[in-house]
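Each remark here refers to the structure printed beneath this line.
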Amino acid sequence: MSSREQEWSRGDRAKAAAKLMVGWVALLWLLEVVDVASGHALDGLGITPRTPSELVDVVPAAFVHFGFAHVAANSVPLLVMGFLAALGGLRRFAAVCALIVVADGLGVWLVAPAHTNTAGASGLIFGLFGYLVVSGFVERRPLGVLVGLLVAAVWGTSILVGLAPTQSGVSWQGHLLGLAAGVTAAFVFRHRTGRDVVQL
């Protein structure tokens, strides 16, 4: 493949990643508009722990938020980290997100405090953070390492704060589980061929 074809390929990947994440974040805002307009009917899609019927909410909970401030806080990190992760390929990105969302949701269902309702994209965000920080080292890609270090520099402090168990109304369990799932995804979905490792 010529350098020009590679450049176009990278450009196409970037456009696809950008469109996907803009659409994803727009969906979160649309769902919150619907939630408010319906008297917060969607809040019931959050996860109430250790209730068998709540297992169906493991995935939907990652798309529901408790107010516009909640959506706003998650929008920028999800947009940026999702875009960076999606540059490695949309299929791979979908698999990474699926692992993080399901593992995080099931973990919250198992260990969250009783009588709580947990929802929001922050578990996925913590997972993408872990994935981006670790994947470059796992695959020995200098550019991936650099991206991971930049992500850590920008959001590292916020991630550490989000893991503190002292914040009222914040699921540090969901954050920690999401982070662990993202690190796991970096190993599970690492590129294994020489041709693949040139991709970001």
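These numbers come from a predicted model, not from an experiment. Side-chain atoms are counted along with the backbone in the values below, which use heavy atoms only and exclude waters and symmetry mates.
Grouping the Ile, Leu, Val, Met, Phe, Trp and Tyr side chains by contacts below 4.5 angstrom, directly or via other members, places Val183 apart from Phe137. Both Val22 and Leu78 are assigned to one and the same hydrophobic cluster, defined by single-linkage of ILVMFWY side chains at heavy-atom distances under 4.5 Å. Clustering ILVMFWY residues whenever any of their side-chain heavy atoms sit less than 4.5 angstrom apart, transitively, puts Val154 in the very cluster that holds Met21. Both Leu163 and Val151 are members of a single hydrophobic cluster when ILVMFWY side chains are connected at heavy-atom separations under 4.5 Å. A single hydrophobic cluster is seen to contain both Phe129 and Leu79, as judged by linkage of ILVMFWY side chains at heavy-atom distances under 4.5 Å, directly or through other members.
Here the CG atom belonging to Asp43 is positioned 7.0 Å from the CG atom belonging to Asn117, to the nearest 0.5 angstrom. Here the SG atom belonging to Cys97 is positioned 10.0 Å from the CZ atom belonging to Phe189, to the nearest 0.5 angstrom. Taken from CG in Leu45 to CD in Glu54, the straight-line distance is 9.0 Å, to the nearest 0.5 Å. Rounded to the nearest 0.5 angstrom, Ile125 CD1 and Asp104 CG are separated by 11.0 Å. Residue Leu132 holds its CG atom at 11.5 Å from CG of Leu149, rounded to the nearest 0.5 Å. Atoms CG and CZ, on Leu146 and Arg141 in that order, are 11.0 Å from each other to the nearest 0.5 Å.
In terms of modelled atom types and a separation under 3.5 Å, the side chain of Glu32 and the main chain of Leu27 share no donor-acceptor contact. A donor-acceptor contact shorter than 3.5 Å links the side chain of Ser171 to the backbone of Gly174.
Between Pro113 and Gln173 there is a side-chain heavy-atom pair separated by less than 4.5 Å. The shortest distance between side-chain heavy atoms of Trp172 and Thr166 does not fall below 4.5 Å. Looking at Leu55 and Leu106, their side chains come closer than 4.5 Å, going by heavy atoms from C-beta outward. Between Val59 and Val102, the closest side-chain pair of non-hydrogen atoms falls below 4.5 Å. Put simply, the side chain of Phe83 does not reach to within 4.5 Å of the side chain of Leu20, judged on heavy atoms. The shortest distance between side-chain heavy atoms of Pro49 and Thr116 falls below 4.5 Å.
When all heavy atoms of Leu31 and Leu42 are compared, the closest pair comes out as O-CD1, 3.3 Å. In terms of heavy-atom proximity, Arg190 sits nearest to Arg92 at CA-NH2, 3.6 Å. Annotation for Trp109 and Thr48: closest pair CD1-O, 3.7 Å, computed over non-hydrogen atoms. The two residues Ala61 and Thr118 have their closest heavy-atom pair at CB-O, 3.8 Å. The heavy-atom pair separating His65 from Ala121 by the smallest distance is NE2-N, 3.2 Å. Among all heavy-atom pairs drawn from Gly127 and Ile100, the shortest one is C-CD1, 3.5 Å.
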message = Is there a side chain to side chain contact (heavy atoms under 4.5 Å, CB included) between Val64 and Asp57? Walk through the geometry before answering.
response = CA-CA 10 Å; Val64 176; Asp57 292 332; over 6 Å; no
Working for side chain to side chain contact (heavy atoms under 4.5 Å, CB included), residues Phe187 and Val134 = CA-CA 8 Å; Phe187 287 91; Val134 171; 3.9 Å; yes
task = Given side chain to side chain contact (heavy atoms under 4.5 Å, CB included), test Tyr131 with Met81 step by step and report yes or no.
result = CA-CA 10 Å; Tyr131 173 78; Met81 284 190 255; over 6 Å; no
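Under the side-chain hydrogen bond (donor to acceptor under 3.5 Å, both in side chains) criterion, Asp35 pairs with His40, sequence neighbours left out. For Trp29, the side-chain hydrogen bond (donor to acceptor under 3.5 Å, both in side chains) test picks out Ser75, with sequence neighbours left out.
Below 30°, between 30° and 60°, or above 60°: for His175 and Phe126 the angle between ring planes is below 30°, a parallel geometry. Between Phe63 and Trp24, the angle of the ring planes stays under 30°, which puts this pair in the parallel group of the 30/60° scheme.
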